[in-house]
Amino acid sequence: ADLQPNELSESAQSFGKKIIILNLTRLDNVNLGVDVFKKLVSQLPAKAEMESVITQVNQAGIGRGLQFDLFKPSAEIMRQEMAEQPIELQISGKYHDLAAFSSDIGKLPLIVTLGDISLETGTQAQTKTSDSIINFKATARTYRYLSAGEKVAAKAASSPNAATAQVSSASGVQVAADPCEEKEVN
């Protein structure tokens with residue numbers, strides 16, 4: 001089954017077209033991924049908006065008539081690209097109100113997640129009416145994209161050589177984050 005020169009040329013052209021189409025499809029997928037990423041980043045609060053997001057979580061519960069036993073924002077956790085703001089929650093209320101609260105959190109314009117969820121039936125003192133009270137424990141988390149300076153600081157802090165990254169010796173050699181990249185200091 002030897003191919004003739006013009007059949008070989010047509011086969012090569014067809015193969016070349018398929019490669020071009022595949023590359024264009026990959027490029028479209030990359031662009032789509034970039035667009036999705038940009039949309040998600042736009043849903044992350046800025047540093048100045050973090051307090052507002054915390055307030056929105058609180059208002060979502062109050063609006064559903066829930067009783068907050070604990071509402072404790074913790075310190076931000078710095079990641080390489082993001083800062084995570086956990087909020088410990090302990091809430092008491094009716095099952096349907098807790099479900100509506102969870103739904104309301106999912107509908108906030110900025111990204112907030114609920115995790116580490118546990119549900120327990122309320123105590124006898126809590127269930128004075130015929131409606132059962134549920135104790136809801138969870139950690140709400142919101143995230144923000146780090147500024148360029150914060151990214152550098154987070155990366156330096158997570159580096160195994162972070163302690164030596166800032167050290168200069170008396171010999172004039174500055175130790176970089178990667179010890180293989182020593183630089184002379186003038």
Side-chain angles (χ1 to χ4, degrees), residues 29-167 177:
N29 288 341
V30 167
N31 289 336
L32 178 64
V34 168
D35 291 342
V36 169
F37 178 74
K38 285 180 182 178
K39 183 176 180 177
L40 289 173
V41 168
S42 74
Q43 291 179 324
L44 296 175
K47 191 171 188 172
E49 295 175 297
M50 292 297 279
E51 194 66 35
S52 171
V53 173
I54 292 170
T55 301
Q56 289 175 16
V57 170
N58 188 34
Q59 290 301 315
I62 291 171
R64 293 293 178 177
L66 301 174
Q67 173 67 42
F68 280 91
D69 301 318
L70 177 68
F71 186 90
K72 181 181 171 188
S74 301
E76 279 187 337
I77 300 168
M78 302 302 252
R79 309 279 187 215
Q80 285 187 347
E81 298 286 328
M82 315 275 271
E84 176 185 321
Q85 174 70 61
I87 307 163
E88 290 180 54
L89 302 173
Q90 290 182 11
I91 306 170
S92 301
K94 298 175 187 171
Y95 175 83
H96 292 289
D97 294 334
L98 288 165
F101 165 75
S102 297
S103 177
D104 292 345
I105 294 297
K107 292 176 185 173
L108 290 174
L110 301 171
I111 296 173
V112 179
T113 63
L114 291 174
D116 306 324
I117 297 172
S118 71
L119 299 170
E120 298 174 357
T121 57
T123 63
Q124 188 70 19
Q126 289 176 313
T127 57
K128 295 176 185 174
T129 65
S130 61
D131 293 328
S132 294
I133 298 297
I134 304 290
N135 294 324
F136 175 89
K137 293 181 184 178
T139 302
R141 290 180 177 85
T142 188
Y143 307 86
R144 67 178 178 83
Y145 201 64
L146 297 179
S147 68
E150 288 175 317
K151 285 181 193 178
V152 170
K155 189 171 185 177
S158 68
S159 169
N161 297 318
T164 60
Q166 303 298 321
V167 176

Interatomic spacing from [atom1] in [X] to [atom2] in [Y] - rounded to 0.5 Å:
X      : Y      : atom1 : atom2 : result
Glu49  : Arg144 : CD    : CZ    : 11.0 Å
Ile111 : Thr113 : CD1   : OG1   : 9.0 Å
Thr121 : Ile134 : OG1   : CD1   : 6.5 Å
Leu114 : Ile87  : CG    : CD1   : 9.5 Å
Asp97  : Ile133 : CG    : CD1   : 8.5 Å

Only counting residues at least two apart or in another chain, list the ones meeting side chain to side chain donor-acceptor pair (under 3.5 Å) with [X].
X      : value
Asp104 : Arg64
Glu84  : Arg79, Arg141
Gln85  : none

Who are the ring pair (Phe, Tyr, Trp, His ring centres under 6.0 Å) partners of Phe68, not counting sequence neighbours?
-> Phe71
Locate the shortest heavy-atom distance separating [X] from [Y]; write the atom from each residue and the value.
X      : Y      : answer
Ile91  : Asp69  : C-OD2, 4.3 Å
Leu89  : Ala140 : CD1-CB, 3.9 Å
Asn135 : Ser92  : OD1-OG, 2.9 Å

Side-chain polar contacts of residues 51-60 - donor-acceptor pairs under 3.5 angstrom, sequence neighbours left out - could you list them?
from	atom 1	to	atom 2	distance (Å)
Ser52	OG	Gln56	NE2	3.4
Thr55	OG1	Glu51	O	3.0

Go through the steps for Thr142 and Leu108 under the test side-chain contact (heavy atoms from CB on, under 4.5 Å), then give the verdict.
-> CA-CA 11 Å; Thr142 188; Leu108 290 174; over 6 Å; no
With a 4.5 Å heavy-atom cut-off, do Ile77 and Pro86 have their side chains touching?
-> yes
With sequence neighbours excluded, residues passing side chain to side chain contact (heavy atoms under 4.5 Å, CB included) with Ser103 | Lys107
For residues 86-106, the ring pair (Phe, Tyr, Trp, His ring centres under 6.0 Å) pairs (sequence neighbours left out) are none
